[in-house]
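Encoded as structure tokens, the structure appears first; notes follow it.
Side chains included, hydrogens not; waters and symmetry mates left out as well; all remaining heavy atoms used. Not measured: the values here are computed from a predicted model.
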Amino acid sequence: MSSEQRKAFPFSEFEPKWQDVWEAKKAFRTPNPGDADFDASKPKYFVLDMFPYPSGAGLHVGHPEGYTATDIIGRFKKMSGFNVLHPMGWDAFGLPAEQYAIKTGQHPRATTEKNIEGFRGQLKRLGFAYDWDREVNTTDPGYFKWTQWIFLKLYNSYVNDAGKARPIAELEGQGLSREEIDSRRLAFVSSAPVNWCPELGTVLANEEVVDGKSEVGGFPVERRPMRQWMLRITSFAQRLIDELDGLDWPESIKLLQRNWIGRSEGAHVKFQIVGHESDVTVFTTRPDTLFGATYMVFAPEHALVDQITTPEHAAAVEAYRKVVGSKSDLERTELAKEKSGVFTGAYAINPVNNEQIPIWIADYVLMGYGTGAIMAVPAHDSRDFEFAQMFALPVKQVVQPPEGKDWQGFTDNGTAVNSGFLDGLTTPEAKAKMACWLEEKGLGKGTTNFKLRDWLFSRQRYWGEPFPIVWEEGNHRSIAESELPLLPPDLEDFRPTGTPEPPLSKAPDWVRYSATATRELNTMPQWAGSCWYYLRYCDAQNSERFVSEEAEKYWMGGGKPGGVDLYVGGTEHAVLHLLYARFWHKVLFDLGYVSTPEPFQRLVNQGLIMGEDGQKMSKSRGNVVNPDDVVKEYGADSLRLYEMFMGPLEQVKPWSMKGVEGVYRFLARVWRLVMAVSEEGVWSLSPALQDVPANKQVTKALHETIKKCGEDIEKLSFNTAISQMMICTKTFTAEEVMPVSAIVTFLKVLSPFAPHLAEDLNARIATKFPALAVEGLLSDATWPKYDPAALIEDEVEVVFQVNGKLRDKARVPIQATKEEIEKIALASARVQEFMEGKTPKKIIVVPGKLVNIVV
RNA sequence: GCCGCUGUGGUGAAAUGGUAAACACAGCAGACUUAAAAUCUGCUGGGAGGUAACUCCCUUGCCGGUUCGAGUCCGGCCAGCGGCACCA
């Protein structure tokens with residue numbers, strides 16, 4: 001049997017038809033302030049999806065999940081009288097695009113354009129109410145001109161003592177040297193060790209390295225010192241933590257970000273080194289345990305190691321450093337099961353008791369965190385304890401744990417012992433006292449440290465935004481804003497060079513900027529374009545500014561810390577995109593370019609859709625569902641509705657084709673409310689459709705549905721809204737006569753979920769009942785109001801409990817008083833039976849609900 | 001190891017502290033049909049008793065607590081998923 005004959009309603013005819021009508025009429029065009037048709041009296045609602053990376057594989061079923069949710073919200077808000085901004089675009093730069101191009105032997109611009117076309121077509125076939133005039137594409141020069149422009153803002157800014165980004169010109173006015181100014185820029189050059197991935201031929205940000213491998217491709221990553229562009233995100237660490245508070249985000253995501261930023265409070269402590277002028281500072285979160293420090297450990301890369309190592313230990317130290325230095329991050333973590341290290345021969349003096357303690361080097365101390373050196377308190381730190389056991393170093397108790405716990409390796413709070421002036425204090429008291437003592441003696445002070453590192457911002461790849469920077473006599477400087485956009489050269493061979501030399505070096509004409517200056521050869525990472533795309537949507541066509549002040553104020557304003565009203569996307573961006581975008585937004589805010597300190601007010605993460613087998617969808621498992629197939633077989637409305645009916649939006653849930661059939665049957669039932677089929681299989685308006693008022697039962701079901709669906713959409717509880725529509729449809733189906741106006745109202749409620757079907761049925765009803773159907777497009781209709789009076793029943797069922805157990809129920813008038821209900825309950829034969837003649841101790845009456853008699 | 005989330009029928013799931021399992025899937029039975037598909041109707045957590053209508057008991061991972069009343073709140077444990085991981 002062909003699928004054509006099996007169709008229960010002709011979705012494959014009317015879905016494309018309405019998609020064309022919406023597009024032709026620009027039904028979802030959103031006017032901006034200043035436009036002739038802009039209505040300033042309406043409130044705004046900015047609903048945003050995480051824009052897709054247009055891969056060659058096309059849309060997968062995970063995309064429409066979030067996109068349908070935002071589409072329902074957007075359509076509902078539009079119907080409820082809001083100016084709705086619901087745009088779509090393409091995050092098209094980056095490694096995967098370039099690798100795909102290399103694999104298929106095409107230019108990334110060609111593959112990207114083809115992929116975008118594919119994605120756009122797929123999204124259009126799902127009937128999303130986007131304003132396509134606002135489409136953005138990060139690889140479009142008209143877009144990345146402004147990405148480069150924002151980079152120049154970062155380059156030309158610094159953070160002042162108050163922690164705010166300010167124009168670098170302020171420092172120039174203070175007569176600082178070029179070196180001093182360059183060292184304070186938010187975009188700066190650094191030659192620290194970075195994550196180099198030989199396979200990808202580029203460096204990667206810390207956030208892009210997972211378990212010592214590249215997030216893209218899973219290739220090994222090694223540490224090597226290279227000169228790279230960095231963004232000073234660490235200057236915003238505290239604000240990035242603090243300003244999460246005002247946001248309506250899942251607590252788990254806030255926590256993920258807080259943990260990633262990793263604030264910890266402690267103290268710096270200065271140690272003298274025996275026989276040396278120099279001293280060394282360590283960071284510790286446990287200054288209260290200073291009396292228990294029995295040795296010290298430097299990171300192998302620590303700058304002082306060469307100076308302090310004694311001749312008899314030099315060979316061993318050198319050998320150890322060599323071994324550590326040759327390891328990739330992966331090997332280093334893999335081999336980290338057992339502690340290793342060597343003694344330098346040097347000693348430090350513990351400032352609290354003047355004891356000499358040995359200085360070791362070990363790779364469990366990281367150069368990149370704190371000061372790259374630690375005081376080891378083996379008694380109360382598990383790593384130090386393990387190391388001390390291994391190398392037979394002394395372990396000295398300085399914290400008394402609560403009764404019944406061993407002090408060795410005890411890391412929680414307790415009471416200070418063997419600690420001189422700290423003895424008897426609780427751990428928090430001792431921390432505070434020690435910090436004061438250190439500060440008084442000039443030996444240290446309380447400090448805060450963050451795990452967050454500065455953002456490595458350059459890549460040795462072709463398919464990214466070139467930096468608007470030139471080099472002259474060893475110094476960098478920005479090019480003029482008027483020179484933007486800076487296009488990449490047209491390269492035949494854009495593959496990585498296999499060395500840290502970026503592929504842009506293959507275009508000598510492009511590289512030569514002037515007789516004395518050459519261009520920066522690195523490109524920006526994929527994250528750059530996605531850091532600000534939501535702003536571009538507000539004014540996507542503007543060629544004068546990244547977004548007009550007026551549009552930014554209107555769409556991003558509204559008195560809350562975040563400008564976007566609802567942002568829906570996957571958890572995978574919890575610490576990458578969402579942290580980077582917040583950082584850029586804060587810089588733009590400080591500089592006065594945007595009106596809110598945060599970009600996204602409300603964030604919702606959609607849950608992953610698993611395969612039918614409950615496993616993650618993947619080609620190798622063969623459990624991937626292609627949305628195109630579903631649309632072909634069941635229609636776009638079925639796909640939309642099913643993805644919303646599966647379960648709560650935020651939950652991980654498995655796909656079920658049977659479930660798709662279920663919602664498909666529901667849509668067919670709705671279709672048959674309005675349409676009847678002849679014996680020849682021709683659909684026409686159902687004769688049951690009549691211009692009559694709805695009876696009480698239908699009216700009640702309808703108004704309950706208006707109420708519940710409206711409330712559930714606001715709560716993003718789409719599955720329960722759909723079940724209510726199913727109940728309502730059942731009530732309609734049971735009727736012999738279909739009251740047209742009630743059906744039309746129901747279609748309005750259905751339309752955000754299944755817009756094609758609702759639009760089509762309304763148009764068909766309009767042919768016979770033009771006065772009762774919505775005039776023009778149903779998508780432009782107003783959300784119906786429910787009548788509270790229609791919901792009220794004359795009688796309600798009240799349950800009677802004896803000692804909390806259900807024993808009887810009765811229908812009582814809605815206006816019955818507590819006393820009357822109580823009397824009815826006590827009169828019940830079943831209740832009396834279970835009371836066994838005892839007198840009630842207590843009777844709880846919840847009007848309209850229950851009576852509980854306690855005996 | 002640390003942090004977080006989630007545990008409810010055969011399945012996806014509902015349930016402002018107030019009738020657990022709405023809605024749907026699957027299954028079973030029936031109607032329509034020569035037959036099938038489609039459609040429509042009914043049943044469908046477990047156990048016990050009763051010819052039957054029906055009645056009773058148990059049931060939201062496990063143990064305890066608060067409450068007239070707990071899937072929901074509190075404490076402890078177990079399992080699964082996710083994040084971080086030598087961050088001093």
When you compare [N] with [M], how far apart are their [atom1] atoms, in angstrom units rounded to a whole number?
N      : M      : atom1 : value
B:rA24 : B:rC62 : C1'   : 31 Å
B:rG61 : B:rG10 : P     : 13 Å
B:rA20 : B:rA15 : C1'   : 7 Å
B:rA37 : B:rG27 : P     : 11 Å
B:rG9  : B:rA21 : P     : 14 Å
B:rA29 : B:rU44 : P     : 15 Å

> Is there side-chain contact between A:I609 and A:M617, with heavy atoms separated by less than 4.5 Å?
Replying inline: yes
>> So A:F753 and A:D637, do their side chains get closer than 4.5 Å, heavy atoms only?
In response: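 Counting from C-beta outward, A:D637 and A:F753 never come under 4.5 Å.
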> Given A:E208 and A:S214, is the side-chain contact (heavy atoms from CB on, under 4.5 Å) satisfied, shown in steps?
Replying inline: CA-CA 6 Å; A:E208 292 171 303; A:S214 63; over 6 Å; no
In whole Å, what is the span from the [atom1] atom of [X] to the [atom2] atom of [N]?
X      : N      : atom1 : atom2 : result
A:E833 : B:rC56 : CD    : C1'   : 10 Å
A:L255 : B:rG4  : CG    : P     : 7 Å
A:I609 : B:rC81 : CD1   : P     : 20 Å
A:D808 : B:rC54 : CG    : C1'   : 14 Å
A:D381 : B:rC2  : CG    : C1'   : 14 Å
A:W249 : B:rG83 : CH2   : P     : 18 Å
A:N449 : B:rA88 : CG    : P     : 8 Å

> Any N or O donor-acceptor pair linking the side chain of A:K339 to the base of B:rC86 at under 3.5 Å?
Replying inline: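 Yes, the side chain and the base share a sub-3.5 Å donor-acceptor pair.
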>> Main chain of A:T411, side chain of A:R286: is a donor-acceptor contact present, judged purely on distance under 3.5 Å?
In response: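 Judged by distance alone, yes, a pair lies under 3.5 Å.
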When you get a sec, tell me which of [options] is the closest nucleotide to the side chain of [X]?
X      : options                : value
A:R830 : B:rC56, B:rG12, B:rA88 : B:rC56
A:P648 : B:rA88, B:rU55, B:rA13 : B:rA13
A:R807 : B:rA13, B:rC57, B:rA88 : B:rC57

>> Need to verify one output field. Residue with the more 5' nearest nucleotide on RNA chain B, A:K653 or A:N259?
In response: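 The answer here is A:N259.
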>> Here's a test of your reading of the structure: between A:P654 and A:K805, which maps to the more 5' nucleotide of RNA chain B?
In response: A:P654
> If you measure from the Lys or Arg side-chain nitrogens to the Asp or Glu carboxylate oxygens, is any gap between A:E711 and A:K715 under 4.0 Å?
Replying inline: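 No, no charged N to carboxylate O under 4.0 Å.
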> For A:V399 and A:D288, what are the C-alpha separation, side-chain angles and deciding distance, and is it a side-chain contact (heavy atoms from CB on, under 4.5 Å)?
Replying inline: CA-CA 9 Å; A:V399 179; A:D288 62 298; 4.2 Å; yes
> Reading nucleotides 18-30 of chain B from the 5' end, what letters show protein touch, with B for base, S for backbone sugar-phosphate only, - for no heavy atom under 4.0 Å?
Replying inline: BB--BBSSS----
>> Please classify B:rG9 as syn or anti, treating any glycosidic angle within 90° of 0 as syn.
In response: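 Because its glycosidic torsion lies within 90° of 0, B:rG9 adopts the syn conformation.
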>> Just checking A:E572: does its CD atom have more than 12 heavy atoms from other residues, nucleotides or ligands closer to it than 6.0 angstrom?
In response: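 More than 12 within 6.0 Å, yes.
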>> Can you tell me if A:K396 has over 12 outside heavy atoms packed within less than 6.0 Å of its NZ?
In response: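 Yes, enclosed.
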>> With a 3.5 Å limit on both atom pairs, tell me what B:rA53 is paired to, counting Watson-Crick and G-U wobble, or say none.
In response: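 B:rA53 is unpaired by these criteria.
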